[in-house]
Structures are given as structure tokens and as C-alpha cells.
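Structure, as C-alpha cells:
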Amino acid sequence: EVQLAESGGGLVRAGGSLTLSCEASGFSFDDYDIGWLRQAPGRETEGVSCFRSRDATTNYADSVQGRFTMSTDNAKNLMYLEMSSLKPEDTGVYFCSAALTLCDDYDGTYWGQGTEVTVSA
């Protein structure tokens, strides 16, 4: 059974940093694309970053490029999202997700329960 569980959300001031973690089980990072998505209040879910398994590349949404870094610990099936220079518009619920082609369209097959990030001005 595939399971994803995020942690690390919280309240932070603008300009601050936060690192999210996602513990995965039931599948290999070698076989699935994995990534982070977020949903801001009143808005649709958007892709934040994604690791493409077939070519080991990571891409980021323009809005977070240069501020967020996604990494993985394949041995432990953990993925991280290091967020710095946070802005109020980064506020939202952050989800980790996995799918065979997640990086194509951020249409996740498996989802965690989400962790809330609030950035105060």
C-alpha cells in the first residue's frame, strides 16, 4: 500500500525559512515521479516542484524558483522541500504526491494528507 505523510508545516514570518518532509512507503522513488503541490486558500492546487524519475531532473514552478529546493533521501524514502525567503503568497496546504508521470501535469495518483504553511507579513 502506497502511503505519503507530510510534516514540518507551521507559521513563519515573511523572509523566513521552513523545511517540509514527506515520508513515503509502498513504492520506490526510482519508479515514480514525486513532487510537491500546494493549495492556497480559495485557489486551485498548483504544482511547486517535481522530481522526474526517468531522467533524475527536478523542476520548479516559476513562483518558487531560486527560493525552494526539493531533495530526496532514496535510502529512507524521504523527500524534502526546503523553503526560504518565504512570502505571504506561499501560504497554503502543501502536499507531497507521486505518480508515474507526475511531472508532466502534476496529476498525482497518491497524495499525503497535507501540511499547512502560513507566512505572515
Side-chain angles (χ1 to χ4, degrees):
E1 179 186 9
V2 173
Q3 291 186 324
L4 297 163
E6 306 92 339
S7 61
L11 174 64
V12 63
R13 286 190 172 185
S17 300
L18 206 59
T19 297
L20 307 182
S21 301
C22 176
E23 184 173 0
S25 61
F27 70 102
S28 169
F29 287 0
D30 292 334
D31 299 327
Y32 281 79
D33 289 357
I34 53 176
W36 292 91
L37 299 89
R38 67 186 180 188
Q39 185 171 29
R43 300 186 66 177
E44 293 186 356
T45 302
E46 64 170 340
V48 174
S49 68
C50 192
F51 175 82
R52 192 186 303 273
S53 60
R54 69 173 180 264
D55 60 11
T57 57
T58 303
N59 52 57
Y60 299 91
D62 290 344
S63 58
V64 307
Q65 182 76 46
R67 299 187 298 119
F68 289 13
T69 302
M70 179 180 171
S71 61
T72 63
D73 182 339
N74 287 25
K76 297 181 180 179
N77 258 31
L78 291 168
M79 52 192 276
Y80 304 98
L81 186 67
E82 297 176 66
M83 306 184 293
S84 62
S85 302
L86 282 162
K87 305 175 181 180
E89 51 263 43
D90 294 318
T91 293
V93 179
Y94 284 69
F95 301 90
C96 57
S97 183
L100 290 175
T101 57
L102 182 69
C103 296
D104 290 350
D105 54 13
Y106 280 104
D107 185 12
T109 301
Y110 304 106
W111 294 78
Q113 81 287 350
T115 187
E116 190 162 3
V117 173
T118 302
V119 184
S120 62

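Taking the side-chain hydrogen bond (donor to acceptor under 3.5 Å, both in side chains) definition, one finds that Asp73 meets it with nothing, sequence neighbours left out. For the side chain to side chain contact (heavy atoms under 4.5 Å, CB included) test, residues two or more places apart in sequence or in another chain that qualify with Ser49 are Trp36, Tyr60, Met70, Leu81. With sequence neighbours excluded, no residue satisfies side-chain hydrogen bond (donor to acceptor under 3.5 Å, both in side chains) with Arg54. Residues satisfying the side chain to side chain contact (heavy atoms under 4.5 Å, CB included) criterion with Asp30, sequence neighbours excluded, are Ser28, Asn74. Listed by chain and number, the residues in a ring pair (Phe, Tyr, Trp, His ring centres under 6.0 Å) with Phe27 are Phe29, Tyr32 (sequence neighbours excluded). Under the side chain to side chain contact (heavy atoms under 4.5 Å, CB included) criterion, Ala14 pairs with Pro88, Val119, sequence neighbours left out. Take Asn77 and apply the side-chain hydrogen bond (donor to acceptor under 3.5 Å, both in side chains) test, not counting sequence neighbours, and it matches no residue. Asp90 pairs by the salt bridge (charged side-chain N to carboxylate O under 4.0 Å, His left out) definition with Arg38, Arg67, not counting sequence neighbours. Residues that satisfy the side-chain hydrogen bond (donor to acceptor under 3.5 Å, both in side chains) test with Ser25, not counting sequence neighbours, are absent from this structure. Applying the side chain to side chain contact (heavy atoms under 4.5 Å, CB included) rule to Glu89 yields the partners Lys87; only residues at least two apart in sequence or on another chain are considered.
The hydrophobic cluster containing Leu4 also contains Leu100, counting ILVMFWY residues as joined when their side-chain heavy atoms lie under 4.5 angstrom apart, directly or transitively. Under the 4.5 Å side-chain heavy-atom criterion for grouping Ile, Leu, Val, Met, Phe, Trp and Tyr, Met83 is connected to Met79 within one hydrophobic cluster. Hydrophobic clustering, with ILVMFWY side chains joined whenever heavy atoms are under 4.5 angstrom apart, groups Tyr110 together with Val48. No continuous path of ILVMFWY side-chain contacts below 4.5 Å connects Ile34 to Tyr106, so the two sit in separate hydrophobic clusters. Under the 4.5 Å side-chain contact rule for hydrophobic residues, Leu86 and Val64 share a cluster.
Under the salt bridge (Lys or Arg N to Asp or Glu O under 4.0 Å) criterion, no residue pair touches residues 2-28, with sequence neighbours excluded. For residues 71-121, the disulfide (SG to SG under 2.5 Å) pairs, not counting sequence neighbours, are Cys22-Cys96, Cys50-Cys103.
The minimum heavy-atom distance linking Ser17 with Ser85 is given by the pair OG-N, 4.4 Å. The shortest non-hydrogen separation linking Gly108 to Ser97 is CA-OG, 3.2 Å.
Results of the side-chain hydrogen bond (donor to acceptor under 3.5 Å, both in side chains) test with Ser53 over Asp33, Thr101, Asp31 single out Asp33 as the only residue that passes.
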Discussion item. The test is side-chain contact (heavy atoms from CB on, under 4.5 Å); show your working for Leu18 and Tyr94 and say whether it passes.
Written reply: CA-CA 12 Å; Leu18 206 59; Tyr94 284 69; over 6 Å; no

